[in-house]
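Down below is the structure, laid out as structure tokens.
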Amino acid sequence: MNLNQPVVKYRLDYTKPDFTITDIDLDFDLSAEITTITARSRVVQQNQSATMLRLDGKDLKLIAVNIDEEPWQDYQLTDTGIEIYGVPNEFTLTIVNEIKPIDNTALEGLYVSGEALCTQCEAEGFRHITYYLDRPDVLARFSTRITASKKQYPYLLSNGNRIAQGELSEGRHWVQWQDPFPKPCYLFALVAGDFDVLRDQFVTGCNRKVDLEIYVDKGNLDRSDWAMTSLKNAMHWDETRFGLEYDLDIFMIVAVDFFNMGAMENKGLNVFNSKYVLAKPQTATDDDYLGIEGVIGHEYFHNWTGNRVTCRDWFQLSLKEGLTVFRDQEFSADMGSRAVKRIDDVKILRSVQFTEDASPMAHPIRPEQVIEMNNFYTVTVYEKGAEVIRMMHTLLGEDKFQAGMRLYFKRHDGSAATCDDFVAAMQDASGIDLSHFKLWYSQSGTPELEVTDHYDAQRQQYTLTVKQHTPVTQDQQEKNPLHIPLDIELYRANGEIIPLQYQGQVIDHVLNLHQSEEVFTFDQVSEKPVIALLRDFSAPVKLQYDYQDSELIFLMQYASNAFNRYDAAQMLLAKYIAINVSHYQQGQPLTLPESIVDAFRAVLLSEALDCALISQILTLPSENEIANQFKIVDPDAIHQVRQFLLVTFANEMFDELNAVYRHNLTATYQIDHVDMAKRALKNSCLYLLAFAKDQPEIDTLVVKQYEQADNMTDSLAALNAAVRAQLPCKDKLLHDFDDQWHQDGLVMDKWFMLQATSPQLDALMNVKKLLTHRSFTLNNPNRIRSLIGAFVNNNPVAFHAVDGSGYQFLGEILTELNQKNPQVASRLIDPLIRLKRYDQKRADLMRLTLEKLLKLDNLSRDLYEKISKALTV
Ligand code: B3K
Ligand code: ZN
């Protein structure tokens, strides 16, 4: 391995910077081949004894350094930037440097996306543009002048307000932007290109008129309406639910095709992966529409939670991300179905976040040590971070939580804050003690609750004993009991709710757990109750309680909380999955009692339940979700058992599935939640039907839906059913889809993903073949994620093939991507570092691949951090 020795940074080592920058004027002379940047910064000393200014800079060609307009020679270039010696305590620093956007394949800093130029600066991309104090606690007022060819780049965009523009000789033009709000450089953005623009306006509660502009590739205007609708909904929602208004005269969104993640909240100029902007019924599914609504909301909400109040250092990332995910989840819940949204979010936690906790990358939502910050934009920091905010919301209630938000902004608006600052504001505004609760920020791992109960008929008393325990994680050997809100409800046999009380006192349905073992007693309980635990998933924990099948079936019918109904079904399935996995491993036949099928049939036929909820209950847990039931994962057994359940459900409920399918056909396609729910249920039925044995007419039904669909939701659902159930029509439909859409990368991503996760025996061979498909390129992160990411993450049987072929394939891809795009490579490696979760044979093969990667020349810090952690066990 030949790399600059990677440096570990520790949260507790934070110190204030010796200097800060209050104002910066940037001048870009733009071209894809060479861009020249002149940066004029006002630098102010913060530590009186400091005379050396150290700036970050990466892959830059330095042209000149001036201090107070005079050339300055006393400096040295280093591996990480520049050191400028003997500087005064306040001065103007002018740096001129060049960069080559066209060579930037890592998509960090200024790079080329299609015909356009754009930037990505979070977390540490600004140092790829110019020498700077590239850290979030340096807040400066930015003004940006961009000069470029008018023909090639008619639109020149940056943060803030457009204050001047002009024409130059030789077909060049310039635009000047000014952002009045001081910001860290990670929120800087620049975009240059030729676009179609969708324009609209939003009038804020205080009557400020805000111009809204969405920039898309030429010809895509007909796919941008939903993004605009979502944006206006988000702006309105933030005013009504959080009392937060937008603060500039213009808000711009640019959709680009080459982007490492979902989107970026740059002040006034959000840059988006086109996947989260472009949608029309023929090309986007209902899930795509919901994804766009969520991400547009998320980035917009960052304007307050992230931009107006930013993070002091990157260890505090969850301060903005956990909070903003919580806000986007609430936005989506308020716009659509709260229950369905909650279930979708819990599925992500259970399938991905719990997996991360059990991996070498386990970390608290506020990490303690980091080598490459980009590795910590994780489901733990984001989604578990949002759960931590949600628990505070549960403990405080909406009103006190909003009072906490107001105090947080009052104290920290315009500055860089910490997670401790946030909790302090919540505590001070509410008067609720959060001192024990704060442990959620520093303790990693998935807590486990073990619940037992006892009913005393004579005393009419019900007693609940709750034990909590967090298993050790690779990063942390010692664990302590947490403050956990446990939301419960008790029911009589007829489904009535039993009020919670003890000695004449009403007891709140949210129990506060603080110790490793606690007992709660309720009296006036006139019959042995059925208990609903963890209502609404009130904490991100695993739950163990010895439910009888009959109790779970009861909860599926009577729980007042929709999440509990879904969860009861999940627990029932989990039980029979575990039994059958062990049957499979012992060569015994797989079985499922009729009563279980009956319970699911009752849900399918329920007239009271929301169609979308029925669809979720009928969707079996993914193989990744199931894997988290086991310490050692057996991918083949899990897959076979899941297939068995699909076939059993399909055979046993064939007529009912058929009837519900037909009942939910919708005449015309509309984006509203009632129709989306109907489509979801209809397509869940079709999916199950496809697994029925000896029912050839289903092949015809799938083809019919595919051919007659006027929208992507229905045609993709048909294709999905055909591929997953390996129906005779699958090759023809796949071929047809390719013919129709091969010029549209975003649509083809769906096609790549389907084949990457196909249960066919030669799935890996097919994936390798697809690497040379006309629509595929290793230069586009969306294509990589759809084909390779989907294969390694969501086709566990093929990826974990015992001959090691899946690991070897990923090893080869990572070797190619290591230098080309380290961030994307680092995301792909996750399933390979979890060797401890697999049997010895697989673990050895995984280790071998990792050891080979570790020897790569110029191994990126991103991959080094994960591989070295995986190999320390
Ligand atoms: N803040 C960005 C993520 C940046 C990722 C850098 N590797 C998007 C978001 O969370 O809104
Ligand atoms: Zn975010």
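Both counts, for ligands and for their atoms, begin at 1 and track the order of listing. Computed from a predicted structure; not experimentally measured.
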Looking only at protein heavy atoms, identify the closest one to [atom] and say how far it is in Å.
| atom | value |
| --- | --- |
| atom 6 (C) of ligand 1 | E122 O, 3.2 Å |
| atom 3 (C) of ligand 1 | Y382 OH, 3.5 Å |
| atom 8 (C) of ligand 1 | A263 O, 2.9 Å |

Near [X], which atoms of ligand 1 are under 4.0 Å from a heavy atom of that residue?
| X | result |
| --- | --- |
| N374 | 6 (C), 7 (N) |
| Q823 | 7 (N) |
| E321 | 1 (N), 9 (C), 10 (O) |
| E265 | 1 (N), 2 (C), 8 (C), 9 (C), 11 (O) |
| M264 | 1 (N), 2 (C) |
| H302 | 9 (C), 10 (O), 11 (O) |

- [ ] Examine the proximity of ligand 1 to E124 and report which part, side chain or backbone, both or neither, has a heavy atom under 4.0 Å away.
- [x] neither
Open item on the list: Any salt bridge linking K275 with D749? Criterion: basic side-chain nitrogen under 4.0 Å from a carboxylate oxygen.
Closed with: no
Open item on the list: Please determine whether any non-hydrogen atom of K320 lies less than 4.0 Å from an atom of ligand 1.
Closed with: yes
So, [X] versus [Y]: side-chain donor-acceptor pair below 3.5 Å or not?
| X | Y | answer |
| --- | --- | --- |
| N624 | N793 | no |
| T418 | D421 | yes |
| T285 | D287 | no |

TODO: Give, for atom CG of D179 and atom CG of L248, the distance between the pair rounded to the nearest 0.5 Å.
DONE: 6.0 Å
Open item on the list: Test side-chain hydrogen bond (donor to acceptor under 3.5 Å, both in side chains) on Q819 and N858; report intermediate values, then the result.
Closed with: CA-CA 7 Å; Q819 282 297 300; N858 292 316; 5.1 Å; no
TODO: Inspect the surroundings of OH in Y276 and state if more than 12 heavy atoms from other residues, nucleotides or ligands are less than 6.0 Å away.
DONE: no
Open item on the list: Is it true that, when you exclude R366 itself, more than 12 heavy atoms of the residues, nucleotides or ligands shown sit nearer than 6.0 Å to its CZ?
Closed with: yes
- [ ] Check the angle between the aromatic planes of W440 and F437 and answer parallel, tilted or perpendicular using the 30° and 60° thresholds.
- [x] tilted
TODO: Mind reading off the angle at the Zn ion (ligand 2) between the NE2 atom of H302 and the NE2 atom of H298, rounded to 10°?
DONE: 100°
TODO: Return yes when at least one N/O/S atom of E321 is nearer than 2.8 Å to the Zn ion (ligand 2), and no when none is.
DONE: yes
Task: Nitrogen or oxygen atoms of Y377 and ligand 1 under 3.5 Å apart - done: no
